[in-house]
There are 2 protein chains.
Amino acid sequence: MNSPRDGMWLDSSQQQAWRAYIMGTELLLSRLDRELREEHGISLSEYEILVRLSESADHRMRMALLADSLSHSRSRVTHTIARMERDGLVRRQAAAADGRGVEAVMTEAGYRRLVDAAPSHVRGVRQHLVDLATREDFAALGRVFDEVSDRLLEGLPAGTDIR
Amino acid sequence: MNSPRDGMWLDSSQQQAWRAYIMGTELLLSRLDRELREEHGISLSEYEILVRLSESADHRMRMALLADSLSHSRSRVTHTIARMERDGLVRRQAAAADGRGVEAVMTEAGYRRLVDAAPSHVRGVRQHLVDLATREDFAALGRVFDEVSDRLLEGLPAGTDIR
DNA sequence: CATCAGTAGTTGAGCCGTCAACAACCCGCC
DNA sequence: GGCGGGTTGTTGACGGCTCAACTACTGATG
């Protein structure tokens with residue numbers, strides 16, 4: 001969509017934006033992860049799983065759907081759910097209609113953990129990202145990464161494991 | 001659905017942008033990392049280290065400076081440089097002026113690896129990110145993450161280990 | 001109704017990062 | 001000139017993800 005004369009390299013403002021993005025992202029995500037761990041004993045991925053479950057009917061989801069909705073590999077979701085089950089935030093249950101299937105069900109404790117963690121986590125997201133940007137810039141960020149996700153997911157639609 | 005008391009939660013467009021960012025970023029970075037590994041046998045962090053070294057006088061840098069310039073922890077840089085040294089991309093050398101210091105020096109093989117990897121890596125960055133956005137949107141992204149980095153780094157200026 | 005390609009999920013080895021503890025060194029100060 | 005607090009870099013245990021191989025089940029097809 002851009003690139004003057006379709007050069008091979010990034011020009012210096014592109015380069016600068018790219019480096020800011022990589023560094024900022026690493027700082028941001030590791031900070032949010034650390035805050036969740038220290039204050040609530042869960043990782044960012046675990047938090048995201050709790051959010052998906054809380055939005056789902058009956059607080060339950062098939063493993064594959066959970067994986068797809070987070071763009072995580074199935075293996076990753078298996079491992080994460082195993083840890084969360086050990087911590088009592090979730091339990092597994094064989095799927096009714098499919099003998100291969102497993103559903104992850106959020107427990108009462110899992111729900112309470114999410115309710116506890118959400119306010120300070122959201123505050124962190126605001127403080128370290130959202131409130132630093134103008135509405136327009138933040139909207140631009142949304143547009144860009146919608147497009148990024150779409151492109152990176154196309155060609156492996158529905159059911160393909162991430163990789 | 002949102003904003004009881006204006007300002008605690010994200011509104012739905014902010015929420016959507018935030019989720020796009022997290023998912024897009026995870027997809028993007030893991031894709032770029034995998035491409036570098038498969039095509040050139042180095043990780044994205046190793047690539048970034050090679051870039052910094054190549055930009056530095058005499059292709060050498062103090063460990064702490066390397067860590068700061070990437071916002072990586074010192075421990076992380078130690079481990080990464082150890083792997084790169086095993087692979088012959090870099091060697092360590094005691095710093096002349098400071099008995100505690102260590103310099104990482106890019107080897108000839110390291111430089112060749114970077115030169116080999118750069119074109120396809122940059123192509124990936126363009127294809128999966130830069131060329132998907134308008135110049136304005138991409139510039140917005142740069143502004144946002146400059147600000148993010150600044151805020152997350154302030155209060156621990158120069159010499160504080162990342163954590 | 002037996003076969004078999006495809007799908008769901010798990011497993012464990014290996015890699016890469018964090019964390020906390022640590023040794024070695026620097027330097028301002030009395 | 002030796003204290004003592006700060007800095008540099010390393011270490012190893014641990015956690016979490018990837019990858020490839022695996023089991024178990026499904027469902028279309030002859």
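Reminder, nothing fancy here: chain letters follow the sequence lines and each chain counts from 1. Bear in mind the structure is a predicted one, so any value in this text is a computation, not a measurement.
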Let's see if you can work this out: which of [options] has an atom nearest to the side-chain heavy atoms of [X]?
| X | options | answer |
| --- | --- | --- |
| B/V102 | D/dG9, C/dG17, C/dT7 | D/dG9 |
| A/H79 | C/dT11, D/dG9, D/dT7 | C/dT11 |
| B/R62 | C/dG17, D/dT8, C/dC19 | D/dT8 |

Q: Flag the pair A/Q16 / B/D146 as yes when at least one side-chain heavy-atom distance between them is below 4.5 Å, and no otherwise.
A: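 Counting from C-beta outward, A/Q16 and B/D146 do come under 4.5 Å.
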Q.
Do A/L29 and A/L44 have side chains that approach each other closer than 4.5 Å (heavy atoms only, starting at C-beta)?
A. yes
What integer distance in Å separates [X]:[atom1] from [N]:[atom2]?
| X | N | atom1 | atom2 | result |
| --- | --- | --- | --- | --- |
| B/D33 | C/dC15 | CG | C1' | 11 Å |
| B/H72 | C/dC16 | NE2 | C1' | 12 Å |
| B/L29 | D/dC17 | CG | C1' | 14 Å |
| B/L27 | D/dC17 | CG | P | 15 Å |
| A/M63 | C/dT11 | CE | P | 10 Å |
| B/L70 | C/dC16 | CG | C1' | 15 Å |
| B/E35 | D/dC19 | CD | P | 12 Å |
| B/R34 | C/dC15 | CZ | P | 18 Å |

Q: Scan B/S30 against the nucleic acid and name what it touches under 4.0 Å (heavy atoms): base, sugar-phosphate only, or nothing.
A: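 Nothing, no heavy atom under 4.0 Å.
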I'd like to know if [X] and [Y] make a salt bridge, using a cut-off of under 4.0 Å between side-chain N and carboxylate O.
| X | Y | result |
| --- | --- | --- |
| A/E48 | A/R76 | no |
| A/D131 | B/R151 | no |
| A/E147 | A/R143 | no |

Q) Hey, are B/T80 and B/H72 close enough side-chain-wise for a donor-acceptor pair under 3.5 Å? A)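 No pair is found: no donor N or O on one side chain lies under 3.5 Å from an acceptor on the other.
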So, OP1 or OP2 of [N]: does either fall under 4.0 Å of a side-chain N or O from [X]?
| X | N | value |
| --- | --- | --- |
| A/R76 | D/dC17 | yes |
| A/S75 | C/dT10 | no |
| A/T78 | C/dG9 | no |
| B/R74 | D/dT8 | yes |
| B/R83 | C/dC16 | yes |
| B/R92 | D/dT10 | yes |

Q | Along DNA chain D (nearest heavy atom to each residue), the more 5'-positioned of A/A97 and A/T80 | A | A/T80
Q: Scan residues 38-58 of chain A against DNA chain C and write down, sorted by residue number, each residue with any heavy atom closer than 4.0 Å; if none is found, say none.
A: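 Within residues 38-58 of chain A, no residue comes under 4.0 Å of DNA chain C.
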(Q) Quick check: A/F145 with A/Y21 (ring centres under 6.0 Å apart)? (A)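 For A/Y21 and A/F145, the ring centres are under 6.0 Å apart.
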**Q.** Residue whose nearest DNA chain C nucleotide is more 5′ - B/R37 or A/L65
**A.**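 So the residue in question is A/L65.
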Q) Quick one: does A/R100 reach the base of C/dT7 with a side-chain donor-acceptor pair under 3.5 Å? A)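 Yes, a donor-acceptor pair under 3.5 Å.
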Q.
Test: salt bridge (Lys or Arg N to Asp or Glu O under 4.0 Å). Region: residues 102-115 of chain A. Which pairs qualify, not counting sequence neighbours?
A. A/R60-A/E103
